[in-house]
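Structure, as structure tokens:
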Amino acid sequence: MDGKTLRPLNRVSLAATLAATLFAALIAASCSSQPTIVVASKNFTEQVILGEIIAAQIERRLHVAVDRKLNLGGTLLAHEALLAGSVDLYPEYTGTALTEIQRQPVQKDARAVFEAVQAGYRKLGISLLAPLGFNDTFAMVVRMDLAQQENLKTLSDAARLQWKIGVGYEFTQRPDGLAGLVQAYGLKIDGDPVVMDLGLLYAALKLKQVDLAAANATDGMLGHPEFVVLEDDRHYFPPYQCAIAVREATLKRFPGLEKALGELSGRITDAQMRRMNEQVDIEHRSPAQVAHDFLETWQ
């Protein structure tokens, strides 16, 4: 090779090589077995941002390795992963946990919903920590020009008109979704609802493909003046306070974890969450950078 003769290793160099190889293997094994907390999120912008905030908070406070399984999937997939122990925690919404996971009837009182969900999780070995501070309820959105033209402020006002409505698939299936909303307000729907990805709702409103959209109260686009949320004046939608669902076994394994996560409770307002979503969805910043900037504002 390259004109040079290879010489066999002597016993000393062979022993040194074997020792180095063994040492490297032990180091690798040690690194791979170090305590790790697996943080998950569902598969939309807000959840990914929250996952990054939670992961960064753990890294700052506990100085342990965090495995991010963000953008994991929908509600039931995230919940099943938590039950199976393949993830340690993820952010969930009380109204969603109540109706979709625990299959309990819709309730309107925020405290009662939180306590019911917390009790249901406890039976599964899961702790629901104090809410993060914001309520990501459904928001029925119209264009500002239409709201002004028809003097629309509430969903009761909307009952006067006929609507081409745009919704996400989940909204057509949920017990707190479209069917109940139509019944509660006597809304008149023009044809079948237009079912689409949630990220397309605002474009559909702009293009007048739909006139009313079932969006979320913390959507980044709601900071823009061309859209307005109609007030849920009959309080149809249940509360959707966001809180961290975490395995009790994980809390026991990492004694400082509950305190570290508890520092996030009550820290995020509706407006702050809406702004963070806007930074990612509209300004195209990375969720990790948005999460970092948020934590820097109060630490």
Side-chain angles (χ1 to χ4, degrees), residues 36-55 57-58 66-107 110-138 167-177 180 197-198 214 216-218 237-254 257-258 260-262 264-265 268 273 277 287:
T36 301
I37 297 174
V38 183
V39 174
S41 81
K42 294 192 245 184
N43 56 345
F44 56 94
T45 298
E46 179 168 292
Q47 281 272 309
V48 176
I49 295 169
L50 292 172
E52 290 286 4
I53 289 173
I54 293 166
Q57 173 71 359
I58 293 170
V66 175
D67 183 7
R68 290 163 169 79
K69 292 189 181 295
L70 308 182
N71 217 21
L72 186 63
T75 298
L76 295 182
L77 180 59
H79 176 66
E80 288 300 323
L82 190 65
L83 285 181
S86 55
V87 307
D88 291 302
L89 57 95
Y90 79 98
E92 186 53 276
Y93 306 92
T94 55
T96 300
L98 185 75
T99 59
E100 293 295 293
I101 294 174
Q102 300 179 7
R103 301 295 179 182
Q104 295 188 48
V106 173
Q107 296 185 48
R111 184 174 182 83
V113 171
F114 176 80
E115 290 176 351
V117 171
Q118 192 176 51
Y121 271 140
R122 195 175 296 121
K123 297 174 184 177
L124 302 174
I126 297 170
S127 287
L128 186 68
L129 306 184
L132 297 175
F134 67 95
N135 179 26
D136 189 8
T137 188
F138 285 108
V167 300
Y169 173 76
E170 209 174 273
F171 194 71
T172 66
Q173 307 295 315
R174 298 173 66 108
D176 53 351
D197 184 272
L198 293 176
N216 296 303
T218 55
F237 294 119
Y240 291 90
Q241 293 178 295
C242 190
I244 299 170
V246 54
R247 291 172 55 83
E248 290 179 355
T250 303
L251 293 178
K252 291 177 182 176
R253 192 154 47 100
F254 297 92
L257 179 60
E258 187 166 8
L261 296 176
L264 297 174
S265 296
I268 307 175
M273 193 69 250
N277 286 331

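Remember, it's a predicted structure, so these values are computed and weren't measured experimentally. Quick note: numbers below take in every heavy atom, side chains included, and nothing from hydrogens, waters or symmetry partners.
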Value rounded to 0.5 Å, distance of CD1 in I54 from CD1 in I244 | 4.0 Å
Shortest non-hydrogen pair, V39 vs I58, comes out as CG2-CD1, 3.8 Å
Short question: side chain of D136, backbone of N216 - any donor-acceptor pair under 3.5 Å?
-> no
Under a 4.5 Å cut-off applied to non-hydrogen side-chain atoms, are L198 and F44 in contact?
-> no
Take K42 and T96 through the test side-chain contact (heavy atoms from CB on, under 4.5 Å) and record every step on the way to the result.
-> CA-CA 12 Å; K42 294 192 245 184; T96 300; 4.0 Å; yes
What one should report as the nearest heavy-atom pair of L72 and A78 is CD2-CA, 4.1 Å
Expected output: side-chain S127 to main-chain V246 donor-acceptor under 3.5 Å | no
So, does T99 use its side chain to make a donor-acceptor pair with the main chain of P175 at under 3.5 Å?
-> no
Nearest heavy-atom neighbours spanning G74 and N43 = N-OD1, 3.9 Å
Could you check if a side-chain atom of R253 sits within less than 4.5 angstrom of a side-chain atom of D88, using non-hydrogen atoms only?
-> yes
Run the numbers on Y121 and E248 for side chain to side chain donor-acceptor pair (under 3.5 Å), then give the verdict.
-> CA-CA 10 Å; Y121 271 140; E248 290 179 355; over 6 Å; no
Nearest heavy-atom contact between S41 and P91 is CA-CD, 4.4 Å
Would a 4.5 Å heavy-atom cut-off, applied to side chains only, mark N277 and M273 as touching?
-> yes
In this structure, CD1 of I37 is separated from CG of L257 (nearest 0.5 Å) by 4.5 Å
Heavy-atom side-chain contact between Q104 and V113 under 4.5 Å = no
Please round to the nearest 0.5 Å and tell me the distance separating atom CG of L129 and atom CD of E92.
-> 13.0 Å
Distance in Å, R247 CZ paired with L251 CG, rounded so as to fall on 0.5 Å steps | 10.5 Å
Where L82 and Y90 come nearest, the two heavy atoms and their spacing = CD2-CE2, 3.8 Å
T36-D67 side chain donor-acceptor pair, cut-off 3.5 Å = no
On the 0 to 90° scale, with breaks at 30° and 60°, tag the F237-F138 ring pair as parallel, tilted or perpendicular.
-> tilted
Begin from the C-alpha positions of L261 and L89 and carry the test side-chain contact (heavy atoms from CB on, under 4.5 Å) through to its verdict.
-> CA-CA 11 Å; L261 296 176; L89 57 95; 4.1 Å; yes
Can you name the closest pair of heavy atoms from A243 and F114 and give their distance?
-> CB-CE1, 4.5 Å
Given side-chain contact (heavy atoms from CB on, under 4.5 Å), test L98 with Q107 step by step and report yes or no.
-> CA-CA 9 Å; L98 185 75; Q107 296 185 48; 4.2 Å; yes
Student check: side-chain heavy atoms of H79 and L124 closer than 4.5 Å = yes
With rounding to the nearest 0.5 Å, note down the distance linking CG in L50 to CD1 in I268.
-> 5.5 Å
In sequence, state the C-alpha distance, the side-chain angles, and the governing distance for T94 and Q118, and then conclude on side-chain contact (heavy atoms from CB on, under 4.5 Å).
-> CA-CA 9 Å; T94 55; Q118 192 176 51; over 6 Å; no
